[in-house]
Protein chains: 2
Amino acid sequence: MAERVTLQTIADRVGVSRATVSYAFSRPDQLSEELRARILRVAGELGYAGPNPTARSLRLGRAGALGLIFTETLPYAFADPYSIGFLQGLAVAAEEAAVGLLILQQPPGVQRPEIVRNAVVDAFCVFSLPDGHATLDAVLARRLPTVFVDEPYVPGLPFIGIDELAAAGEVVRHVVDLGHRRLGLALVGLHQDGRHGWADLRRQRSAEYEAMRTRVEGYRVAGEQAGVDWASVPVYEVAGNARESGREAGRALLARDPRPTAILCNTDVMALGVLDAAAEAGLKVPEDLSVVGFSDSGAEEADLTTIRQPKQLIGQTAGRMLLSGLPPEPERLILPHELIVRGSTARAPLPS
Amino acid sequence: MAERVTLQTIADRVGVSRATVSYAFSRPDQLSEELRARILRVAGELGYAGPNPTARSLRLGRAGALGLIFTETLPYAFADPYSIGFLQGLAVAAEEAAVGLLILQQPPGVQRPEIVRNAVVDAFCVFSLPDGHATLDAVLARRLPTVFVDEPYVPGLPFIGIDELAAAGEVVRHVVDLGHRRLGLALVGLHQDGRHGWADLRRQRSAEYEAMRTRVEGYRVAGEQAGVDWASVPVYEVAGNARESGREAGRALLARDPRPTAILCNTDVMALGVLDAAAEAGLKVPEDLSVVGFSDSGAEEADLTTIRQPKQLIGQTAGRMLLSGLPPEPERLILPHELIVRGSTARAPLPS
DNA sequence: GGTTCCTCCTTAATCAATTAAGACCTTAAT
DNA sequence: ATTAAGGTCTTAATTGATTAAGGAGGAACC
């Protein structure tokens, strides 16, 4: 029907130049009060929607948005308390800078580099990208300020995360100090192939998610330093970070003979599932079995020993870095973690 | 340092027209393989970031993003399972259409209409907006396809939600059928003023959040139909949808004399807090006290009777409507809810 | 009376692309 | 030989704004 209303439409109708109309919206001091009122009145009559944001962005050279790249579909990402915590932190920074947060999903399987190529943003935050993902190149090609969170760490590119190796080591030393020698691992998110089952050393080392791979490596190194024969430690891997997956892993581990006295998990959600499996098997935690999580997301209510990862702080720091106006430092920024000892770990039961 | 690299830079360097370079990126069939290879090579050498998305958006007239307006800060919104479920649904639709999701926070207190004015999006989804919020005008001024979710319903504008009045009525009839006559209400999100305390009838009726107001009205109407003297029903309101708030409300309600035998909550998170308060007071649920939630978010694990609100479906439907290319129907779309009876409600205890 | 200053508005360049239509050349068909 | 048809590239209009620089006119000052 009616053709598009632009600044020019209004200018023609009022009988002034386009520039004047622009000033009426953005710089009231540049024209008389009377003319400005007339322009705004006509704009209202014509149903003008205000200066077109896309055209504005083009002219001003800023998009007013921060791009967040998830490699999971959102339904999955938002099922994870860790992701949500991170997102909350990022959102704080976005709000401070009065920019929007453009969420870009790179669903696993289908490659959609055009989503990254076409994103109208001023900066990118890349969240937990597996090794060799095509998105890496697509993002770097945009040559915008970019920060990688948790994984991967690419030397020379800005990165924020925790010291996964040290954190995992603390977990192992904690249970070893409590006398545990028969450990079991319940791990999620090592590979993209969706496999559930036992993961041998080769599979542990070839994990595609760097943070998880490092975490596992940290368990191993600390375990071997404490004299644990790592080749004999059962490792059960699952694909989705869900309580039900943790239960499955817990069942498998608890069915082993000898049964582990401590099960280490690489997320809290997994640990909750392991607790379920322990309850099913009639095992008391921590008397019969110690369980450790990772991330401190929802772990408090379950009285779970875990590593506290400053998820909000990570998000906020990433956001502030990107929105400060300065190019982000191309360095590896390590934020502090903390072992939180709660009621899910105790001295190992005496060998029966 | 080096000035910006655009299509023109490459065109000049290769010695062709800008159009040719554009075709090299977007329509390979429009030029010879050999020239295209040369153009791409030069583009690579110059560090060209690919066709500028903003310019592209302007020319093509599409932004490639769906704007989601939250009136809470994200940290708060993401603390609520209902919001997350809705977001998941919306994200499914966004992924289907291969567009991004631009999250626009309109924090309470500060008015930031410019965030809405400057958002580079093709459509808006407005989530749970309180009455009289300035964002309403800012969004309508953009004249983009827009859907309102949950509240407010503005006749003539597209809306998606459930039949709050009927749902609340079902809750009341459920407990009344179980013999309860002494009800108590623990409500969150009626007003923006942050008050915690008893809410009289006037305050109930003046709630600024339409969905919550309607929900309360539904409780009242069904209660009075069942012969409950509504003026004597204690209503405790809190500001933040947190378990701790629910606990506070629960404590207050359970300290009343006579003590309610059934407490109705307008969110599940509140109900969880009421369960905490009941446990503190040494009351058994459901023997001594029946508790009902709302939304079915995290209610299953707590074995909570609640209303199931199809949150994912609401999000998905909203997203599909907006991204279908057709203008959304300016109608009130009511999706089905369901009363889920679980173990938190039982027959009223005999008067002691 | 001339200069200066201020207010109010216009001119025109600029941001970085897309794409229909047309030009030019080569090859094939009649 | 003439026409037609492709293939390859260019021309130029278009998308909707922002803003530095400049001009016209009137008031104030010396």
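Naming: A, B, ... by sequence-line order, numbering from 1 per chain.
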N/O (side chain, B:Ser22) to phosphate O (OP1/OP2, C:dA17) under 4.0 Å: no

Rounded distance in Å - CG (B:Asp29) to C1' (C:dT19): 13 Å

Verdict with reasoning, A:Phe70 to A:Thr135, per side chain to side chain contact (heavy atoms under 4.5 Å, CB included): CA-CA 10 Å; A:Phe70 270 114; A:Thr135 294; over 6 Å; no

Nearest-0.5 Å distance, CD1 of residue B:Ile84 to NZ of residue B:Lys311: 10.0 Å

5' priority, DNA chain D, between B:Ala55 and B:Gln30 [closest heavy atom]: B:Gln30

Which nucleotide in C:dT19, D:dA20, D:dA17 has an atom nearest any side-chain atom of B:Leu60: C:dT19

Polar atom pairs (N or O), protein with nucleotides 24-28 of chain D, under 3.5 Å:
none

Minimum-distance pair of heavy atoms, taken over all atoms of B:Glu95 and A:Arg112: O-NH1, 3.1 Å

Spacing of A:Asn52 atom CG relative to D:dG16 atom C1', expressed in whole Å: 6 Å

Nucleotides 22-27 of chain C: protein proximity per nucleotide (B base, S sugar-phosphate only, - neither; heavy atom, under 4.0 Å): ------

Minimum-distance nucleotide to B:Leu31 side chain [options: D:dC9, C:dC9, C:dA17]: D:dC9

Whole-Å gap separating P (C:dA17) and CZ (B:Arg62): 16 Å

Terminal axes of the helix from C:dG1-D:dC30 to C:dT30-D:dA1 (five pairs each): angle between them, nearest 10 degrees: 50°

Contacts of B:Phe159 that satisfy ring-ring contact (aromatic ring centres under 6.0 Å, His included) - sequence neighbours left out: B:Tyr153

Side-chain (B:Arg36) to main-chain (B:Arg27) donor-acceptor, under 3.5 angstrom: no

Audit row: A:Ile69, A:Phe148, side chain to side chain contact (heavy atoms under 4.5 Å, CB included) steps and yes/no: CA-CA 10 Å; A:Ile69 297 176; A:Phe148 291 80; over 6 Å; no

Greater than 12 external heavy atoms within 6.0 Å of B:Arg142's CZ: yes

Value in whole Å for how far the P atom of D:dA17 lies from CG of A:Leu58: 12 Å

Separation between CZ of A:Arg38 and OG of A:Ser32, rounded to the nearest 0.5 Å: 8.0 Å

The single option from A:Val139, A:Leu68, A:Ile160 passing side chain to side chain contact (heavy atoms under 4.5 Å, CB included) against A:Cys125: A:Leu68

Interatomic distance where CD1 belongs to A:Ile39 and P belongs to C:dC8 [whole Å]: 13 Å

B:Leu157 side, atom CG; B:Glu331 side, atom CD - distance, nearest 0.5 Å: 12.0 Å

5' precedence on DNA chain C between B:Arg27 and B:Thr6 (nearest-nucleotide basis): B:Thr6

Among D:dG16, C:dA16, C:dT18, the one nearest B:Arg4 by side-chain distance: C:dA16

Gap between atoms CZ and P, on B:Phe25 and C:dA17 respectively (whole Å): 9 Å

Distance, rounded to the nearest Å, where A:Glu34 contributes CD and C:dC8 contributes P: 11 Å

Side chain to side chain contact (heavy atoms under 4.5 Å, CB included) evaluation trace for A:Ile10 with A:Val5: CA-CA 7 Å; A:Ile10 300 170; A:Val5 181; 4.3 Å; yes

Stepwise side chain to side chain contact (heavy atoms under 4.5 Å, CB included) check, A:Leu35 with A:Val14: CA-CA 9 Å; A:Leu35 177 58; A:Val14 178; 4.2 Å; yes

Short side-chain donor-acceptor distance under 3.5 Å, A:Gln106 and A:Thr71: no

Selection from D:dT18, C:dC9, D:dA17 that lies nearest to any side-chain heavy atom of A:Ser32: C:dC9

Test item: B:Tyr23 and B:Val16 side chains (from C-beta on) under 4.5 Å apart, heavy atoms: no

Name the pairs: protein N/O against N/O of nucleotides 10-12 of chain D, kept only if under 3.5 Å.
residue : atom : partner : partner atom : Å
D:dT10  : OP1  : B:Ser17 : N            : 3.4
D:dT10  : OP2  : B:Ser17 : N            : 2.9
D:dT10  : OP2  : B:Ser17 : OG           : 3.1
D:dT10  : OP2  : B:Thr20 : OG1          : 2.3

Can you give the donor-acceptor pairs under 3.5 Å from side chains of residues 39-54 of chain B to other protein atoms, not counting sequence neighbours?
residue : atom : partner : partner atom : Å
B:Arg41 : NH1  : B:Glu45 : OE2          : 3.3
B:Tyr48 : OH   : B:Gly50 : O            : 3.4
B:Asn52 : OD1  : B:Thr54 : N            : 2.7
B:Asn52 : OD1  : B:Ala55 : N            : 3.0

Check: D:dT15 base within 3.5 Å donor-acceptor of B:Arg59 side chain: no

5' precedence on DNA chain D between A:Arg56 and B:Glu33 (nearest-nucleotide basis): B:Glu33

Whole angstrom value for the distance that separates C1' of D:dG16 from CZ of B:Arg117: 17 Å

